[in-house]
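Chain letters run A, B, ... following the sequence lines, proteins first, then strands; residues in each count from 1.
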Protein chains: 2
Amino acid sequence: MAAHATDVSLAVSTVIFALRPHPETGRMTVWMPLVRRIREPFVGKWALPGGPLEPDEDLAESAARTLAETTLLTPQYLEQLYAFGNIDRSPGGRVVSIVYWALVRSEEADVAVETENVRWFEADSVPELAFDHNLIVEYALWRLRNKLEYSSIAHAFVGDTFTLSELREVHEAVLQKPLDPANFRRQIEGSGQVVPTEHLQTGGRHRPARLYRYNRAASDENNGPLPSRSLPGRTQGAS
Amino acid sequence: MAAHATDVSLAVSTVIFALRPHPETGRMTVWMPLVRRIREPFVGKWALPGGPLEPDEDLAESAARTLAETTLLTPQYLEQLYAFGNIDRSPGGRVVSIVYWALVRSEEADVAVETENVRWFEADSVPELAFDHNLIVEYALWRLRNKLEYSSIAHAFVGDTFTLSELREVHEAVLQKPLDPANFRRQIEGSGQVVPTEHLQTGGRHRPARLYRYNRAASDENNGPLPSRSLPGRTQGAS
DNA sequence: CCAAAAGTGTTGCTAATACACCCATGT
DNA sequence: ACATGGGTGTATTAGCAACACTTTTGG
């Protein structure tokens, strides 16, 4: 009852979110890279990046690896989303997918590769995907929008330092509604999730804006007993 | 790269919560059943009920099955908690565990079996468990307490109809703090998650209390795009 | 009548909203 | 000077916590 090998194969996939200006309207919206399937089932259809779990890597590592392999991106945020394991979700073999979701900076997303088999889609209007990936994307988007309101993940979309306008633009893009600049400022400043620096950002044709830095300590408190949940490893070491 | 069988085995475990009066103080507290391991690794240690995923059952089904096998309980609520898959979490073989958490009614918990290898523990003071199960229990407790405050899962601990005092007692037991009866009433009634019936509960040496019923429709809205999340199947059909 | 819990009312605080207004820069 | 966003002030409102008070039962 204990040691017989399972007939179920285990995969790890990732929903990757980035903000990009919409090519037509110019407004910032949520985008995600998808990969084209090159074998059955669902050949030719778009799907989430991912692959089988290697025996020598942790779940989050696996997500980060396949993410890097397909898009060359390094995520600022990576968190487990859900494990999908319905019997019939994959024709031709039982597959349980542990799905992660990741956030990458906008600047990075701009440089991201786009090939014949990797393309960016607007998150709210992805085509019909392979497997149950449409449901997964829908759920990930729901989590993103939900979590943005009670957590401090927005900073993952911006640089190390940022103006409050930039941060507000992130919120507006994700939540798809305009926010009052004055109230947004007070909310964010009051939450302690952000720390002012001494630098200002000049260059706009208006008053320079103060630059802020993310305050890691403040937001680690609401994350529960599970380890870090944010960047899988700041380790920039050679490898 | 695609079809080679994985070396990783897949298990499903469940953290089961019920409310029981503390044997000494008499106060309601959170309890959970644990099973004693009867083989290596960790022989003799207590662990979460669970087992390998059968190829012909969904993840939630598997959780419900092992839950029933060990405790004979039928949960009122069953939701996926997290997938634990660190490389070294199980000595002697890579195991990824998809963990669920369940809530069962207090009356049921009273009747629950307790054998040499199944025992109830107070959730806040479990002994040293097998594997990483202490972390899992801690996380499940955190989720329970968290979710109680923004969701309407408390009804899973009580019967089909209940007084607001009973519901408040659930909140107080889980959150470990007294709540103002007047404000609690307004909060619950105002949230629409509960519907008054025409019946009163007499018998106490005081004014009879109105009985309420859970309002399923109202709380399905905050649950995101994932299917039902509550009872795995109200199907009482023979099997 | 009294104890005890059910249920209602009121007050005061805090936080979110809406919006008016001043500030500092580039052109 | 003026347009543009940065940043502050403020009045209104909604929600919540604290607690006084009334109601209805069993004893």
Side-chain angles (χ1 to χ4, degrees), chain A residues 21 26-28 145-146 148-152 154-155 158-159 161-213 218-219 222, chain B residues 21 26-28 145-146 148-152 154 158-159 161-213 218 222:
Chain A
R27 276 172 42 91
M28 275 290 202
R145 296 194 161 122
N146 231 32
L148 192 76
E149 300 195 294
Y150 67 86
S151 173
S152 57
H155 76 277
V158 298
T161 67
F162 47 87
T163 67
L164 290 186
S165 284
E166 287 168 350
L167 199 63
R168 178 167 49 85
E169 192 183 17
V170 168
H171 278 79
E172 291 178 337
V174 172
L175 300 180
Q176 296 176 302
K177 65 179 180 191
L179 298 174
D180 184 308
N183 296 331
F184 181 80
R185 161 181 305 276
R186 270 184 293 253
Q187 255 180 261
I188 298 295
E189 277 183 330
S191 72
Q193 69 186 246
V194 99
V195 169
T197 71
E198 293 168 359
H199 303 97
L200 302 180
Q201 187 179 75
T202 69
R205 43 172 126 237
H206 51 77
R207 175 171 169 180
R210 166 146 271 118
L211 286 166
Y212 288 79
R213 187 181 301 283
S219 44
N222 299 333
Chain B
R27 276 172 43 90
M28 275 290 201
R145 295 194 162 122
N146 231 32
L148 192 75
E149 300 195 293
Y150 67 85
S151 173
S152 57
V158 298
T161 67
F162 47 86
T163 67
L164 290 186
S165 284
E166 287 168 349
L167 199 64
R168 178 167 49 85
E169 192 183 17
V170 168
H171 277 80
E172 289 179 338
V174 172
L175 301 179
Q176 297 175 303
K177 66 180 178 189
L179 298 175
D180 185 308
N183 295 332
F184 181 79
R185 162 182 304 276
R186 269 183 293 253
Q187 254 181 261
I188 298 296
E189 277 184 330
S191 72
Q193 68 187 245
V194 99
V195 170
T197 71
E198 293 169 358
H199 303 97
L200 302 180
Q201 188 179 72
T202 69
R205 42 169 126 237
H206 52 78
R207 176 172 169 179
R210 165 146 272 116
L211 286 167
Y212 288 80
R213 186 182 304 283
N222 299 334

Query raised in the report: Any donor-acceptor pair under 3.5 Å between the side chain of Arg186(A) and the base of dG9(D)?
Result: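 Yes, the side chain and the base share a sub-3.5 Å donor-acceptor pair.
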
Query raised in the report: Any N or O donor-acceptor pair linking the side chain of Arg205(A) to the base of dT27(C) at under 3.5 Å?
Result: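 Check fails, no donor-acceptor contact within cut-off.
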
Rounding to a whole Å, what distance do you find between [X]:[atom1] and [N]:[atom2]?
{"X": "Arg185(A)", "N": "dA15(C)", "atom1": "CZ", "atom2": "P", "answer": "19 Å"}
{"X": "Arg207(B)", "N": "dG27(D)", "atom1": "CZ", "atom2": "C1'", "answer": "18 Å"}
{"X": "Ile188(B)", "N": "dC16(D)", "atom1": "CD1", "atom2": "C1'", "answer": "14 Å"}
{"X": "Leu179(A)", "N": "dA16(C)", "atom1": "CG", "atom2": "C1'", "answer": "13 Å"}
{"X": "Lys177(A)", "N": "dA16(C)", "atom1": "NZ", "atom2": "P", "answer": "13 Å"}
{"X": "Leu211(A)", "N": "dG5(D)", "atom1": "CG", "atom2": "P", "answer": "17 Å"}
{"X": "Glu166(B)", "N": "dG7(C)", "atom1": "CD", "atom2": "P", "answer": "12 Å"}
{"X": "Leu164(A)", "N": "dG7(D)", "atom1": "CG", "atom2": "P", "answer": "7 Å"}

**Report entry** Position toward the 5' end of DNA chain C (nearest nucleotide), Asn183(A) or Leu200(A)
**Finding:**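 Per heavy-atom nearest nucleotide, the more 5' residue is Asn183(A).
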
Query - Nearest-nucleotide comparison on DNA chain C, the residue closer to the 5′ end among Ala182(A) and Gly204(A) - result: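 Taking each residue's closest nucleotide, the earlier one in sequence belongs to Ala182(A).
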
Within a strict 4.5 Å, meaning less than it, do heavy atoms of the [X] and [Y] side chains meet?
{"X": "Leu211(A)", "Y": "Leu200(A)", "value": "no"}
{"X": "Met28(A)", "Y": "Pro21(A)", "value": "yes"}
{"X": "Arg145(A)", "Y": "Leu148(A)", "value": "no"}

Query raised in the report: Base, sugar-phosphate, or nothing for Ser165(B), non-hydrogen atoms under 4.0 angstrom?
Result: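 Ser165(B): backbone/sugar contact only, no base atoms under 4.0 Å.
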
Report task. With the side chain of Arg210(A) defined as its heavy atoms from C-beta on, choose the nearest nucleotide among dT23(D), dG7(D), dG5(D). Result ->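 Among the listed nucleotides, the one closest to the side chain of Arg210(A) is dG7(D).
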
**Report entry** Whether Glu166(A) side chain and Thr163(A) backbone form a donor-acceptor pair below 3.5 Å
**Finding:**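 Yes, the answer is positive, given that a donor and an acceptor are paired below the 3.5 Å cut-off.
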
Query raised in the report: Can you name the one residue among Thr161(A), Leu164(A), Leu167(A) that meets side chain to side chain contact (heavy atoms under 4.5 Å, CB included) with Tyr212(A)?
Result: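 Running side chain to side chain contact (heavy atoms under 4.5 Å, CB included) over Thr161(A), Leu164(A), Leu167(A) with Tyr212(A) returns exactly one hit, Leu164(A).
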
Query raised in the report: Toward the 5' end of DNA chain D, which comes first, His206(A) or Asp180(A), by nearest nucleotide?
Result: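 Taking each residue's closest nucleotide, the earlier one in sequence belongs to His206(A).
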
Query raised in the report: OP1 or OP2 of dA17(D) less than 4.0 angstrom from a side-chain nitrogen or oxygen of Gln187(B), does that happen here?
Result: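 So the side-chain polar atoms of Gln187(B) do come within 4.0 Å of the phosphate oxygens OP1 or OP2 of dA17(D), strictly under.
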
